[in-house]
Amino acid sequence: HAAEALRAEEEKSRLLTRQLQALLETIPYRIDLRDRTFKILWSNNQQIDQENRKKLPPCAFRCTSSEHALYGFCPECPTSRCFVSAKREEGMMAGRENTTWYVRAFPIFDEDGQFNQVIQMVENVTERLQKEQLEARTGQLAALGELAAGVAHEINNPINGIINYAQLILNRAEAGTREAEISQRIIREGDRVASIVRELLHFSREENTETQVVAIRAVLDDVISLVGAQLRKENVHLDITLPESLPCVESRSHQIEQTFLNIISNALHALTE
């Protein structure tokens with residue numbers, strides 16, 4: 001009976017071992033058990049493919065006791081820190097080709113409380129970080145759009161007031177006088193500012209799923225009113241040649257304006273670079 005019970009327990013233990021191995025092998029990153037010589041005692045067999053291997057840090061997370069002298073104590077390596085602190089350590093390590101690797105190290109203590117082994121977990125988090133950065137950038141742009149819309153609203157009222165006061169002065173001034181010329185200039189520049197404000201409000205409105213027929217030249221003129229000052233500041237001359245027979249197009253709200261704005265902004269950036 002004792003022998004049968006022992007065999008049953010051994011079979012149960014082997015089954016649990018196989019189940020644990022299968023579970024660990026499904027984890028999408030590499031797990032290694034290392035001793036103080038940095039030798040790998042066990043791994044979940046999650047081998048890093050050849051393409052990702054080229055992107056690993058110089059140590060490639062395969063530091064052994066003999067190689068460790070070459071690298072010294074890597075202050076950014078959580079595994080090295082874990083062997084010193086005997087506490088859980090984690091952190092990012094920069095790899096080749098602008099990759100980032102997240103490493104976690106956990107100390108393993110035996111029954112006597114002795115610490116001689118570390119579990120090291122390695123994960124390529126480059127894509128995840130890029131996605132998080134893109135989401136953060138999108139949020140910043142959305143906030144900037146709301147800010148621009150708010151500023152445009154604040155500017156709109158005083159600009160209209162300036163134009164109206166200039167018109168009153170023009171109505172009372174005699175034709176050909178300096179007062180009339182200055183008033184006309186104020187009105188022209190005020191109208192230009194008001195046009196830019198209208199376009200800012202136009203671009204900041206929420207996307208409309210309805211389509212409408214638009215003229216390409218009119219759309220382009222609206223975009224130029226937004227970026228014209230920046231082009232002049234950078235001494236960039238924009239030559240627009242459009243055929244008179246260019247047909248109108250059907251577009252969803254603001255999409256063509258955004259396309260032109262992106263193209264011109266990219267070209268301006270390329271020229272300044």
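Only heavy atoms go into these numbers, but all of them, side chains included; no hydrogens, no water, no symmetry mates.
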J.: Do L246 and P243 touch side chain to side chain, with heavy atoms closer than 4.5 Å?
T.: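 They are in contact (side-chain heavy atoms under 4.5 Å apart), so the answer is yes.
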J.: With the 4.5 Å side-chain cut-off for hydrophobic clustering, are V249 and I263 part of the same group?
T.: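 The answer is no; the residues belong to distinct hydrophobic clusters.
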J.: Under 4.5 Å between side-chain heavy atoms, counting indirect links through other Ile/Leu/Val/Met/Phe/Trp/Tyr residues: same cluster for L168 and I182 or not?
T.: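 Different clusters: L168 never reaches I182 through Ile, Leu, Val, Met, Phe, Trp or Tyr contacts under 4.5 Å.
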J.: Roughly how far, to the nearest 0.5 Å, is the OG atom of S183 from the CD1 atom of I163?
T.: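 Here the rounded value is 12.5 Å.
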J.: Do E89 and F106 have side chains that approach each other closer than 4.5 Å (heavy atoms only, starting at C-beta)?
T.: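 Of all side-chain heavy-atom pairs linking F106 with E89, none is under 4.5 Å.
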J.: With a 4.5 Å cut-off on side-chain heavy-atom distances among I, L, V, M, F, W and Y, is there a chain of contacts connecting V219 to L242?
T.: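 The answer is yes; both residues are in one hydrophobic cluster.
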J.: Flag the pair V122 / W101 as yes when at least one side-chain heavy-atom distance between them is below 4.5 Å, and no otherwise.
T.: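 The answer is yes; the side chains approach within 4.5 Å.
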J.: Flag yes if more than 12 heavy atoms outside Y165 fall under 6.0 Å of its OH atom; otherwise flag no.
T.: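 Result for OH/Y165: open.
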J.: Looking only at atom types and distance, does a side-chain atom of D32 sit under 3.5 Å from a main-chain N or O of R34, one as donor and one as acceptor?
T.: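 Pair absent, no side-chain N/O of D32 close to backbone of R34.
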J.: So, E181 versus T177: side-chain donor-acceptor pair below 3.5 Å or not?
T.: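 No, T177 and E181 have no side-chain donor paired with an acceptor closer than 3.5 Å.
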J.: Work out which heavy atom in A166 is nearest to a heavy atom in I187; give both atom names and the distance.
T.: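 That closest heavy-atom pairing would be CB-CG1, 3.6 Å.
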J.: For the pair S85 (side chain) and R81 (backbone), establish whether a donor and an acceptor sit closer than 3.5 Å, ignoring hydrogens and angles.
T.: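 Yes.
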J.: Applying the 4.5 Å side-chain criterion to the ILVMFWY set and letting contacts propagate, would I186 and I169 be lumped into a single cluster?
T.: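 No; I169 is not reachable from I186 via cluster members.
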J.: Step by step, work out the salt bridge (charged side-chain N to carboxylate O under 4.0 Å, His left out) result for R104 and E123.
T.: CA-CA 9 Å; R104 283 168 285 185; E123 180 183 7; 3.6 Å; yes
J.: Is there a side-chain contact between R36 and F83 (heavy atoms, below 4.5 Å)?
T.: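 Yes, at least one pair of side-chain atoms sits under 4.5 Å.
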J.: Determine whether L33 and Q117 make a side-chain contact, defined as any pair of heavy atoms from C-beta on separated by less than 4.5 Å.
T.: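 The answer is yes, as the side chains (C-beta and beyond) meet within the 4.5 Å cut-off.
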J.: Answer whether the closest heavy-atom distance between the side chains of L268 and V236 falls below 4.5 Å.
T.: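 Yes, close enough: below the 4.5 Å cut-off.
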J.: Do the side chains of F260 and I216 get nearer than 4.5 Å, heavy atoms only?
T.: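 The answer is yes, as the side chains (C-beta and beyond) meet within the 4.5 Å cut-off.
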J.: Between L220 and L238, is there a shared hydrophobic cluster once you connect ILVMFWY residues whose side-chain heavy atoms come closer than 4.5 Å?
T.: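 Same cluster: L220 reaches L238 through Ile, Leu, Val, Met, Phe, Trp or Tyr contacts under 4.5 Å.
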J.: Considering residues, nucleotides and ligands other than E11, do more than 12 of their heavy atoms fall under 6.0 Å from its CD?
T.: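 It does: E11 CD has more than 12 such atoms within range.
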J.: Do other residues, nucleotides or ligands put more than 12 heavy atoms under 6.0 Å from the CD atom of E174?
T.: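 Atom CD in E174 is not packed in, count stays at 12 or less.
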J.: Please report the interatomic distance CD(E244) to CZ(R217), rounded to the nearest 0.5 Å.
T.: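 Interatomic distance, E244 CD to R217 CZ, rounded to 0.5 Å: 8.5 Å.
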J.: SG of C82 to NZ of K87: how many Å apart, nearest 0.5 Å?
T.: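 Going from SG on C82 over to NZ on K87, the span is 11.0 Å.
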J.: After noting the C-alpha distance and the side-chain angles of E10 and R7, does the key distance pass the salt bridge (charged side-chain N to carboxylate O under 4.0 Å, His left out) rule?
T.: CA-CA 5 Å; E10 288 176 347; R7 283 194 297 270; over 6 Å; no
J.: Should we say atom CZ of R14 is surrounded by more than 12 heavy atoms from elsewhere, each under 6.0 Å from it?
T.: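 Enclosed.
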J.: Any heavy-atom pair between the side chains of T79 and V103 that's under 4.5 Å?
T.: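 Yes. Closest side-chain heavy atoms under 4.5 Å.
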J.: Crowded around D110 CG? As in, over 12 foreign heavy atoms under 6.0 Å?
T.: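 Yes.
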J.: Short question: side chain of T126, backbone of T100 - any donor-acceptor pair under 3.5 Å?
T.: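 Yes, the answer is positive, given that a donor and an acceptor are paired below the 3.5 Å cut-off.
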J.: Rounded to the nearest 0.5 Å, what separates atom CG in N98 from atom CD in Q130?
T.: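 So the gap between those two atoms works out to 8.5 Å.
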